[in-house]
There are 6 protein chains.
Amino acid sequence: MKLNKVDLSFQSCTASYDEADVVIFSVPMDATTSFRPGTRFAGNAIRVDSFGVEWYSPYQDADLKDFKTVDTGDLDLPIGAVEDALDIVYEATKTIINDDKLPMMIGGEHLVTYPVLKALKEKYDNLHVIHLDAHTDLRESFFGRELSHATFMRQAHKFLGDHHIYQFGIRSGDKHEFMWAKEHIYQRKFDFEGLDQAVLDLKDKPVYITIDLDVLDPSVFPGTGTPEAGGMQYKDLLWAFEQFGKLNHIVGADIVELSPYLDPSGASNAVAAKSLRELILILQKNLLKRK
Amino acid sequence: MKLNKVDLSFQSCTASYDEADVVIFSVPMDATTSFRPGTRFAGNAIRVDSFGVEWYSPYQDADLKDFKTVDTGDLDLPIGAVEDALDIVYEATKTIINDDKLPMMIGGEHLVTYPVLKALKEKYDNLHVIHLDAHTDLRESFFGRELSHATFMRQAHKFLGDHHIYQFGIRSGDKHEFMWAKEHIYQRKFDFEGLDQAVLDLKDKPVYITIDLDVLDPSVFPGTGTPEAGGMQYKDLLWAFEQFGKLNHIVGADIVELSPYLDPSGASNAVAAKSLRELILILQKNLLKRK
Amino acid sequence: MKLNKVDLSFQSCTASYDEADVVIFSVPMDATTSFRPGTRFAGNAIRVDSFGVEWYSPYQDADLKDFKTVDTGDLDLPIGAVEDALDIVYEATKTIINDDKLPMMIGGEHLVTYPVLKALKEKYDNLHVIHLDAHTDLRESFFGRELSHATFMRQAHKFLGDHHIYQFGIRSGDKHEFMWAKEHIYQRKFDFEGLDQAVLDLKDKPVYITIDLDVLDPSVFPGTGTPEAGGMQYKDLLWAFEQFGKLNHIVGADIVELSPYLDPSGASNAVAAKSLRELILILQKNLLKRK
Amino acid sequence: MKLNKVDLSFQSCTASYDEADVVIFSVPMDATTSFRPGTRFAGNAIRVDSFGVEWYSPYQDADLKDFKTVDTGDLDLPIGAVEDALDIVYEATKTIINDDKLPMMIGGEHLVTYPVLKALKEKYDNLHVIHLDAHTDLRESFFGRELSHATFMRQAHKFLGDHHIYQFGIRSGDKHEFMWAKEHIYQRKFDFEGLDQAVLDLKDKPVYITIDLDVLDPSVFPGTGTPEAGGMQYKDLLWAFEQFGKLNHIVGADIVELSPYLDPSGASNAVAAKSLRELILILQKNLLKRK
Amino acid sequence: MKLNKVDLSFQSCTASYDEADVVIFSVPMDATTSFRPGTRFAGNAIRVDSFGVEWYSPYQDADLKDFKTVDTGDLDLPIGAVEDALDIVYEATKTIINDDKLPMMIGGEHLVTYPVLKALKEKYDNLHVIHLDAHTDLRESFFGRELSHATFMRQAHKFLGDHHIYQFGIRSGDKHEFMWAKEHIYQRKFDFEGLDQAVLDLKDKPVYITIDLDVLDPSVFPGTGTPEAGGMQYKDLLWAFEQFGKLNHIVGADIVELSPYLDPSGASNAVAAKSLRELILILQKNLLKRK
Amino acid sequence: MKLNKVDLSFQSCTASYDEADVVIFSVPMDATTSFRPGTRFAGNAIRVDSFGVEWYSPYQDADLKDFKTVDTGDLDLPIGAVEDALDIVYEATKTIINDDKLPMMIGGEHLVTYPVLKALKEKYDNLHVIHLDAHTDLRESFFGRELSHATFMRQAHKFLGDHHIYQFGIRSGDKHEFMWAKEHIYQRKFDFEGLDQAVLDLKDKPVYITIDLDVLDPSVFPGTGTPEAGGMQYKDLLWAFEQFGKLNHIVGADIVELSPYLDPSGASNAVAAKSLRELILILQKNLLKRK
């Protein structure tokens with residue numbers, strides 16, 4: 001019998017970094033979370049519970065085992081030092097995209113998407129973002145800070161430019177955010193209507209997909225810090241995934257805001273793990289298209 | 001730096017009693033609960049978790065901060081003495097309506113609505129009630145008692161009269177209750193169909209709104225003592241709120257049966273807090289209409 | 001005052017074995033569970049929480065108290081001995097059907113359905129199965145074993161024959177299972193579409209109904225070992241029950257895979273208890289039809 | 001195979017009422033609970049979890065199977081009607097002691113001990129009580145009521161008389177209670193010191209033992225409504241049980257205030273079940289002594 | 001009936017700021033927490049659950065109602081901005097001590113003690129600290145930061161000086177911390193031995209008491225982010241409180257590191273609330289001595 | 001920045017198999033568990049939570065980083081096939097000891113110790129076992145099976161021989177087990193008295209240490225399937241570890257029966273992780289002695 005070092009990579013994503021096309025990394029950061037923290041544990045919770053998820057997706061008729069994906073685990077972050085942590089996320093993203101691989105990030109709080117966008121923008125000048133979320137995340141500042149989970153998309157707008165951000169499912173924010181959105185971004189309140197059209201519009205453009213899992217109804221995804229009632233069903237998210245499959249140039253994706261300790265049933269972990277499987281397959285099939 | 005006494009009023013409802021138009025009070029009573037008690041803690045759970053709820057409602061395009069609302073906290077009740085406790089709820093309601101303010105109650109078990117209706121009936125002779133619930137609450141008696149959470153609406157019918165009660169979402173009760181309902185009240189089983197028409201019929205009449213949050217599916221609202229599968233989604237409730245906005249003469253409202261310890265994820269608290277925000281805004285906007 | 005031995009039969013199902021038409025039994029077995037075990041506690045959890053469920057069903061306009069049902073409790077099983085335990089389930093089923101009563105089983109893991117089908121097939125040569133589930137359960141073998149929760153329906157197919165199994169709601173499995181299904185059984189992926197037609201086709205044939213409650217979305221039923229997002233709402237299950245009511249020859253039914261400790265809110269227990277009430281009434285009304 | 005009605009008696013206590021020497025009954029009442037209710041579920045929680053407890057006690061070298069004990073389950077109580085419920089407990093106790101059996105009660109809140117004492121006092125004029133508790137329960141009235149969990153022992157004193165109550169482990173109460181205790185009862189604060197001497201003093205007198213399990217430290221017994229830090233270890237309770245074994249005339253016993261939903265680990269249920277086994281054996285061996 | 005604004009002050013501490021001698025404030029900060037965050041919710045959790053705690057302490061024979069204490073609630077902090085938050089704690093402490101009142105702080109993570117010590121040192125040149133904790137908190141830096149929960153006492157040493165810090169109960173740290181401690185502070189590993197002597201030594205000196213509640217064994221206090229087995233029983237802490245009562249010049253106190261969501265039983269909240277009651281009474285009685 | 005595959009080895013035990021002296025492996029098996037299963041998740045729960053444990057032990061003044069330890073993760077086991085799974089544990093142990101390394105196993109249910117002992121006995125003819133446990137595990141058979149968690153030590157006795165097993169802390173079993181123990185093994189009931197003497201007796205003999213963590217009181221370790229009140233404090237276990245340090249020839253060790261989902265506070269995981277650190281250091285220091 002041969003004994004090896006433990007390998008707790010996400011379900012069957014056991015390629016090496018060098019051979020992989022898609023790179024999973026997780027960001028254990030919840031420093032600017034305003035309500036209930038805990039998303040720092042999301043990455044490893046998904047890894048450990050991924051044993052309950054099949055390799056094969058009947059939705060996409062595709063199998064994780066037919067692709068090369070590496071799981072690089074949690075980034076090593078300084079605790080309580082927001083800027084330093086964001087720099088590390090930026091560096092990780094740069095490394096991955098310089099090596100011509102696609103980043104597949106697991107948050108952490110939503111602020112961790114900011115440095116990924118910054119790095120991607122440097123490579124893809126016409127970068128667009130599809131953003132599923134319950135919250136606008138468009139405040140100019142929040143509790144006196146420019147960079148936080150509640151402001152990051154407003155800050156990202158500064159380098160992405162007008163009309164490069166497409167938000168869906170939004171149902172919480174202050175009045176100013178909703179008013180600002182009308183002029184600067186595409187924003188669909190309450191549901192995903194128009195996502196199919198947006199995908200058509202963005203078909204050949206470089207698109208990053210960021211999914212705050214709290215876009216789902218708290219019934220579907222209670223394991224999150226700021227549950228916001230009135231959200232989407234999981235079948236709606238599956239429909240959104242189906243749309244994403246029609247894009248020709250996806251440059252990366254993330255899922256954020258799983259806070260595993262808040263849902264003792266483990267169902268939220270299962271939701272996140274299944275979503276991760278679907279997104280990895282979307283990224284991998286997107287690469288196939290481009291070959 | 002100025003230090004003041006702690007203020008744990010519901011999200012931004014920090015007016016004084018005298019200046020307020022709407023008065024929040026909570027009733028820590030679960031004495032006649034037949035299954036799992038715990039609703040007595042609902043008021044303070046909602047207060048503490050209201051920090052996770054925005055002031056602004058994108059559904060109503062209205063902001064709590066633009067109105068005067070006071071939160072008077074838990075009523076001080078004798079424990080285990082049902083009649084005495086109900087008297088205190090009655091007195092509180094009388095005080096509020098005599099001061100020409102609108103009562104916004106947080107239960108407790110559903111029996112606490114009974115004394116509110118009694119007090120309101122004395123002021124509004126043609127009082128009607130819109131009642132969202134999973135359970136009929138129409139038993140003649142329950143475990144040998146006339147006044148309990150399972151009988152209160154049947155008892156209230158004695159002073160409200162035939163055809164003044166409009167029930168929606170009902171999916172549990174005994175056979176006799178359902179048969180009795182056919183003759184004496186408007187009752188819609190299983191969903192909210194007809195609520196828009198009912199609102200039209202009641203448009204200019206004095207209407208009280210009582211919402212047993214277990215009308216929601218247990219997936220949406222697991223934090224309740226008697227979860228009853230097959231209920232409404234939160235988007236259905238938002239649609240009901242939209243209908244309520246068309247009424248011209250709302251005289252008060254309540255949400256009851258949150259039992260916070262039963263849902264460790266906190267999602268049920270968030271559902272209740274968001275519903276409370278919407279109802280406060282409905283009451284406040286209703287007052288504006290009448291000015 | 002007369003004191004008697006404790007009776008914790010499921011809600012009002014207090015007939016004796018001899019006078020009963022329907023026989024409830026539960027199977028405390030989760031030995032081949034691959035992810036999170038705990039279904040062995042389902043039977044007693046449902047019994048204890050059945051106090052929160054009404055006797056009367058407004059869906060079927062029928063009352064448990066108008067029928068004779070016995071609850072025989074957990075079977076007494078050897079722990080860790082899969083084959084021996086399955087033999088005991090087989091013997092219990094034989095006893096019940098030899099006494100011309102209908103079996104109403106509570107799992108346990110889904111493998112416990114296998115010996116029930118084996119016993120029923122010996123009595124009803126043309127036995128058909130309606131199978132609601134998130135998972136195919138059609139593997140040829142699983143972790144080196146032929147009999148497990150992931151293989152049992154494939155094994156049952158060996159004696160049921162082609163086109164006698166009707167699956168609905170399936171959304172997880174490996175690719176080979178889905179391909180095999182296309183040739184040998186009726187399989188509807190993702191939802192219940194076609195169930196009404198299947199019921200018409202099977203109207204007068206002997207039909208067994210097996211419901212893995214994880215066919216429900218994890219939001220509705222988080223208390224299960226392998227939650228699989230993207231499932232059915234409880235109203236969909238109620239619709240399926242309505243279809244079952246149109247069958248003329250139901251020979252038994254089961255609900256499996258409740259794992260009560262995984263849902264601290266108790267909502268999953270309530271879902272299972274309500275489903276059990278509906279199925280008992282379906283079985284009892286089915287017997288009435290045949291008299 | 002023979003199928004019988006489910007029997008969920010406490011671990012191996014399956015005698016009939018007529019043949020039994022000790023009678024278990026549980027009282028699902030928590031109506032006057034001032035903090036967190038839920039003790040009404042204690043009886044059935046102990047029954048279901050008693051499967052995890054051995055029949056044999058290595059402490060007493062005695063086995064439940066060598067004795068005749070019946071478990072009569074929950075009394076059937078009117079909900080929210082305190083006086084009526086207490087009457088039923090009184091009647092049950094009268095029935096048991098008139099049949100020359102020993103009552104072994106499971107609470108419920110501590111008020112349920114009051115009617116048991118009243119019934120016993122009518123049979124045993126010189127009745128003494130050993131009372132283990134964190135709380136004095138000696139208020140003259142509480143929230144305006146004479147009969148509540150916080151007053152019951154003061155009320156019982158009215159018929160038991162001075163110096164017939166022996167309290168141990170007390171660490172919470174108001175100042176007046178502690179002062180009153182000095183003159184009217186034996187009260188040991190904080191621990192069990194003196195319990196061995198008390199047992200010697202009461203050796204041949206009729207003694208009832210009432211154990212509020214919150215006398216244990218919350219670490220040992222978190223599943224209770226009003227946890228009070230600084231309590232006893234379980235080994236201390238085992239020592240107390242050893243002392244009780246030296247009494248010659250025990251007339252009954254109870255354990256109260258388990259609130260099972262408050263301890264999701266189930267450890268509190270296990271503590272209660274083990275304590276119940278020990279007390280049943282103490283009662284049974286006490287009867288043997290007297291034969 | 002008179003209705004007032006809700007008052008959720010800690011149990012009966014309802015004085016105004018001006019009339020109070022002791023000032024409770026809580027610090028909702030867990031930004032540098034390295035393992036499981038959540039202590040930001042401690043203040044309000046203690047407030048809400050303080051209803052389960054008596055006003056009277058039988059240990060000190062003293063009653064909260066006989067003293068003037070104000071509860072000023074959570075400080076309003078910028079989220080994710082460590083230095084700014086610490087400045088606000090510093091300002092609050094300055095305000096309180098300039099008004100000749102005693103600060104009674106509720107953490108938050110342990111770093112919040114740092115600015116309190118800084119403020120107190122400016123008033124009391126010979127300030128000493130008694131520090132109960134499982135962890136040394138003496139790292140020179142931690143994850144690249146000088147100010148964190150793991151370094152704060154080492155940083156405080158820079159202005160407190162050698163031999164002004166007295167640690168007890170320490171059982172976790174790295175080797176360098178333990179070695180550094182030998183030369184610069186008094187450190188008792190594993191238990192409270194020597195605390196009585198330390199109190200004698202510090203009898204008339206200005207002493208601040210800081211209690212990381214994780215000094216208690218995780219069995220006693222599971223609701224904390226970094227549980228460390230092998231800790232103290234609550235009776236040991238009561239003994240420590242008794243020693244503190246012998247000090248003549250206490251200048252403030254705190255309890256930190258309660259993370260309420262981690263202990264669903266609520267027992268940890270009860271432990272913290274009782275400890276807070278004892279400390280308030282110690283502070284108040286200390287002021288009496290000095291009058 | 002360099003990105004590598006995720007490494008979730010237990011805290012700093014990141015050596016390769018070849019360079020390691022001590023080999024951690026975990027056994028995800030709970031097939032014969034008679035009460036609450038779930039121990040199969042222990043290994044990964046300990047890995048993920050080991051981030052909360054320091055590398056350095058102040059008890060042994062030793063640091064994990066100064067030694068070479070490998071963590072090989074969960075063994076890959078067939079589910080529901082007891083004998084096959086035990087064979088794999090046996091093979092793993094053979095591999096490790098043939099490579100002259102020490103096995104450090106994480107259970108799983110206690111039966112997994114049986115094949116380890118079998119393998120070790122083949123290498124060390126005079127093998128002795130120190131066994132800390134709440135339960136005797138000495139049944140001749142259990143629910144009809146010879147090999148189960150409740151029988152394994154009786155079965156191991158068949159090859160270990162009389163007086164080679166030393167049990168401590170035992171407080172649950174049936175009468176026959178206790179009687180059998182008197183003749184065939186050393187058994188200390190209820191506590192660890194005599195463990196120091198046993199260590200002296202076994203000083204130079206080959207000793208395996210097996211620790212069922214339920215030997216601890218459920219207050220200290222609630223996360224286990226069969227909590228048994230009246231157990232040991234963690235300080236007692238630390239004292240036992242100190243004794244183990246005096247042995248000269250330890251041949252391996254295990255900790256079993258952590259069931260992580262049963263303790264939502266995570267404290268049980270922390271207890272297990274700290275115990276694992278201590279045992280690894282004991283094994284490593286034992287090897288140093290022998291060099």
Side-chain angles (χ1 to χ4, degrees), chain A residues 1-10 13-20 23-26 28 38 40-52 69-76 79 87-96 98-99 101 103 106 119 260-266 269, chain F residues 1-10 13-20 23-26 28 38 40-52 69-76 79 87-96 98-99 101 103 106 119 260-266 269:
Chain A
M1 178 185 260
K2 183 91 184 69
L3 288 163
N4 296 304
K5 282 191 59 162
V6 58
D7 185 351
L8 280 172
S9 298
F10 178 76
C13 294
T14 54
S16 70
Y17 179 81
D18 287 341
E19 63 189 349
V23 181
I24 303 169
F25 66 99
S26 47
R40 66 178 71 175
F41 300 105
N44 288 338
I46 292 174
R47 284 178 186 96
V48 169
D49 278 6
S50 70
F51 181 60
T69 308
V70 66
D71 182 355
T72 64
D74 273 356
L75 294 181
D76 199 17
I79 286 165
D87 286 350
I88 291 170
V89 178
Y90 172 84
E91 288 303 328
T93 310
K94 290 291 275 188
T95 302
I96 294 165
N98 287 345
D99 292 338
K101 302 172 192 297
I106 307 168
Y261 290 145
L262 293 175
D263 180 4
S265 79
N269 293 357
Chain F
M1 178 184 262
K2 182 92 184 70
L3 287 164
N4 296 305
K5 281 191 60 163
V6 58
D7 185 351
L8 279 172
S9 298
F10 179 76
C13 294
T14 55
S16 69
Y17 180 81
D18 287 341
E19 65 190 347
V23 181
I24 302 169
F25 67 100
S26 46
R40 65 177 73 174
F41 300 105
N44 288 339
I46 291 174
R47 283 177 187 95
V48 170
D49 278 6
S50 70
F51 181 60
T69 308
V70 66
D71 181 355
T72 63
D74 273 356
L75 295 180
D76 199 17
I79 285 166
D87 285 350
I88 291 169
V89 177
Y90 172 84
E91 288 304 326
T93 311
K94 289 293 276 189
T95 302
I96 294 165
N98 286 346
D99 292 338
K101 302 171 193 298
I106 306 169
Y261 290 146
L262 293 175
D263 179 5
S265 79
N269 293 358

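First the proteins, then the strands, lettered A, B, ... as listed; each starts at 1.
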Q: Any chance you could measure A:Asp18, atom CG, to F:Leu3, atom CG, to the nearest 0.5 Å?
A: 10.5 Å
Q: Between A:Phe51, A:Tyr17, A:Phe41, which residue shows the highest count of heavy-atom pairs closer than 4.5 Å to chain F?
A: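 Option with the greatest count: A:Tyr17.
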Q: Apply the side chain to side chain contact (heavy atoms under 4.5 Å, CB included) test between F:Val6 and each candidate in A:Asp71, A:Val70, A:Thr14; give the one that qualifies.
A: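 Single pass found, and it is A:Asp71.
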Q: For A:Thr95, is it the side chain, the backbone, both, or neither that has a heavy atom closer than 4.5 Å to a heavy atom of chain F?
A: side chain
Q: Please name the pair of heavy atoms, one in A:Asp49 and one in F:Tyr261, separated by the smallest distance, quoted to 0.1 Å.
A: OD1-OH, 3.7 Å
Q: Using a 4.5 angstrom heavy-atom cutoff, name the option from F:Ala92, F:Gly266, F:Ala20 with the most pairs to chain A.
A: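 Highest number of pairs under 4.5 Å: F:Ala92.
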Q: For the NZ atom of A:Lys5 and the OG1 atom of F:Thr72, what is their distance to the nearest 0.5 Å?
A: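 Nearest 0.5 Å value for the NZ-OG1 distance: 11.0 Å.
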Q: Counting only heavy atoms not in A:Asn4, do more than 12 sit closer than 6.0 Å to its CG atom?
A: yes
Q: Excluding sequence neighbours, so at least two apart, what forms side chain to side chain donor-acceptor pair (under 3.5 Å) with A:Tyr90?
A: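 Side chain to side chain donor-acceptor pair (under 3.5 Å) list for A:Tyr90, sorted by chain: A:Glu122.
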Q: Do you know which of F:Ile88, F:Ile24, F:Leu75, F:Ile96 has the most heavy-atom pairs with chain A at a distance under 4.5 angstrom?
A: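 It is F:Ile88.
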Q: Atom CG of F:Asp87 and atom CE of A:Met1: how far apart are they, to the nearest 0.5 Å?
A: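 F:Asp87 atom CG to A:Met1 atom CE measures 9.5 Å (nearest 0.5 Å).
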Q: Could you tell me which portion of F:Ala45 (side chain, backbone, both or neither) has an atom closer than 4.5 angstrom to a non-hydrogen atom of chain A?
A: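 Contact with chain A: none, neither part.
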